[in-house]
Amino acid sequence: GKTMIPWSDYIFQENSTVNFLVKTKRLEKLLELVGVSSVKTERIMILGGSKIGRSLAEQLQDKMSVRMVENQREKAGLIANQLENTMVIHSDGTDVEFLKSENIHEIDSYIAVTENEKTNLLSAFLAHHLGVKQAIMHMITTDYLPIIQEIGIGSVISKNISTVNSIIREIRSDQSEVSLITIDELDVEVIEIMPEPGSRVTQYPLSEISFPKESIVGVINHHGHLSIARGNSQLSHEDTVLVFAKNKTLKKLRKLFNKP
């Protein structure tokens with residue numbers, strides 16, 4: 001489908017895939033607005049002892065009940081020694097009988113993050129079918145998104161999207177402009193820019209600046225304080241901003257951030 005960068009007058013269409021920038025404390029409100037029920041998570045099962053899986057378990061094991069499923073016996077043993085408060089199980093996450101034996105219907109969140117996206121899709125489908133409250137899967141491409149949306153299996157974590165999230169948390173400010181990442185499947189560039197003193201974007205609120213239609217300022221970093229840009233936001237030359245834009249708009253976009 002066609003990728004759009006929406007402004008305030010944009011009307012979303014049913015069955016569109018939408019990517020949001022949202023503060024954690026506002027997430028529940030956002031889910032309410034888009035008609036998605038939030039899930040209180042206490043019991044988690046992670047499929048795959050990948051780097052993502054290990055990192056998730058490490059961060060969550062002291063707050064929730066975490067089980068990890070890894071199909072390589074030796075790797076499962078190593079991970080079990082590293083993660084003291086995570087139950088590591090050597091098994092196959094696509095084995096229906098195994099999932100039933102683990103009472104998958106009592107799991108709040110099933111997170112499939114193996115390095116094989118077909119395995120992630122199949123296991124998430126099975127977990128969903130067997131009654132898990134929430135299924136999340138890691139996908140490298142978006143080839144399976146139409147199927148996932150049609151069946152309503154669960155949520156998808158894209159490699160590129162999650163990369164953007166980590167960039168927002170650790171936004172750099174050592175260069176005036178850096179092309180951080182191209183979200184290939186969305187045909188969108190994520191650009192980090194520091195406005196030059198006297199540039200047009202430092203003289204007016206964002207709503208009064210004629211940005212190219214297929215671009216939008218997403219995040220503002222002011223001395224380490226991150227905020228989501230709004231129409232009344234006013235930039236200064238001390239800010240660093242993340243801009244989401246189509247490649248064809250970059251030349252015009254740069255002029256707004258450069259001193260005349």
On a heavy-atom basis, which atom in P195 and which in L235 lie closest, and how many Å separate them? CG-CD1, 4.3 Å
Answer yes or no: is there a donor N or O on one side and an acceptor on the other, between the side chain of E189 and the main chain of I191, under 3.5 Å? no
Under 6.0 Å from the NZ atom of K248, do we count more than 12 heavy atoms belonging to anything else shown? no
If you round to the nearest 0.5 Å, how far is CG of N221 from CE of M194? 9.0 Å
Would you kindly say whether Q61 and T86 are connected by a side-chain donor-acceptor distance under 3.5 Å? yes
How long is the straight-line distance from NZ of K133 back to OH of Y110, given to the nearest 0.5 Å? 15.5 Å
Quickly, which of V201, L253, V241, L256 forms a side-chain contact (heavy atoms from CB on, under 4.5 Å) with V217? Name it, please. V241
Close side-chain approach of L83 and E58, heavy atoms under 4.5 Å: yes
Check whether E214 reaches the backbone of K246 with its side chain - one donor and one acceptor, N or O, closer than 3.5 Å. no
If we ignore hydrogens and angles and just use 3.5 Å, is the side chain of E70 paired with the main-chain N or O of K75 as donor and acceptor? no
For the backbone of G231 and the side chain of S207, can you confirm whether one donor and one acceptor N or O come within less than 3.5 Å of each other? yes
Give a yes or no answer on whether the side chain of N85 reaches the backbone of D62 with a donor-acceptor pair at less than 3.5 Å. no
Note: A124 and M137 closest approach over all heavy atoms is CB-CE, 3.7 Å
Atom pair OG/CZ of S91 and R73 - distance to nearest 0.5 Å: 10.0 Å
Kindly assign one of parallel, tilted or perpendicular to the pair Y10 and F12, based on the angle between their ring planes and the thresholds 30° and 60°. perpendicular
Closest approach of G49 to I79 (non-hydrogen atoms, all atoms of both residues): CA-CD1, 3.6 Å
I want to check something: taking the side chain as every heavy atom from C-beta on, are M45 and I104 in contact at a cut-off of under 4.5 Å? yes
For P260 and S199 the tightest heavy-atom approach is CD-CA, 4.3 Å
Please name the pair of heavy atoms, one in T249 and one in P212, separated by the smallest distance, quoted to 0.1 Å. CB-CB, 3.7 Å
Do the side chains of I44 and M64 get nearer than 4.5 Å, heavy atoms only? yes
Could you check whether H138 and N120, counting side-chain N and O atoms only, form a donor-acceptor pair closer than 3.5 Å? no
Contact check, side chains of R67 and V88, non-hydrogen atoms, under 4.5 Å: no
Minimal heavy-atom distance between I5 and A245, with the atoms involved, is CD1-CA, 3.7 Å
What's the verdict on side chain to side chain contact (heavy atoms under 4.5 Å, CB included) for L242 and E192, showing C-alpha distance, side-chain angles and the deciding distance? CA-CA 5 Å; L242 278 187; E192 181 185 280; 4.0 Å; yes
Does R43 use its side chain to pair, donor to acceptor, with the backbone of D108 at less than 3.5 Å? no
Taking atom NE2 as the centre, does H129 end up with more than 12 heavy-atom neighbours from other residues, nucleotides or ligands that are less than 6.0 angstrom away? no
CG on L226 to OG1 on T240, rounded to 0.5 Å: 10.0 Å
If you group Ile, Leu, Val, Met, Phe, Trp and Tyr by side-chain heavy-atom gaps below 4.5 Å, do L78 and M68 land in one group? no
When hydrophobic residues are tied together by side-chain contacts of less than 4.5 Å, even through go-betweens, does L206 share a cluster with V219? yes
Distance col, row T114:OG1 vs Q72:CD, nearest 0.5 angstrom, shows 10.5 Å
Strictly distance-based, threshold 3.5 Å: is any side-chain N or O of S123 a donor or acceptor partner for the main-chain N or O of T119? yes
Measuring only between side-chain heavy atoms, which start at C-beta, is D239 closer than 4.5 Å to H237? no
Checking side chain to side chain contact (heavy atoms under 4.5 Å, CB included) for the pair M87/I89: CA distance, chi angles, key distance, verdict? CA-CA 6 Å; M87 179 187 292; I89 306 167; 4.1 Å; yes
Considering only heavy atoms from C-beta outward, does the side chain of V66 approach that of I46 to under 4.5 Å? yes
To the nearest 0.5 Å, how far apart are NZ in K252 and NZ in K213? 11.0 Å
What I'd like to find out is whether the side chain of V69 reaches to under 4.5 Å of the side chain of F98, using heavy atoms alone. yes
Apply side chain to side chain contact (heavy atoms under 4.5 Å, CB included) to the pair S236 and H222, showing each step before the final yes or no. CA-CA 9 Å; S236 77; H222 183 72; 4.0 Å; yes
Keeping the roles fixed (side chain from H90, backbone from N71), state whether a donor-acceptor pair exists under 3.5 Å. yes
Crowding at CD, E115 (>12 non-hydrogen neighbours, <6.0 Å): no
State whether the side chain of D95 and the backbone N or O of D92 hold a donor-acceptor pair below 3.5 Å, judged by distance alone. no
Report yes if some heavy atom in the side chain of V113 is under 4.5 Å from a heavy atom in the side chain of L47; otherwise report no. no
Checking side-chain polar atoms at under 3.5 Å, does S55 have a donor or acceptor matched by the opposite partner on Q59? yes
Is there a donor-acceptor pair closer than 3.5 Å between any side-chain N or O of Q234 and the backbone N or O of T202? yes
Classify the side-chain pair Q134/S109 by whether it contains a donor and acceptor separated by less than 3.5 Å. yes
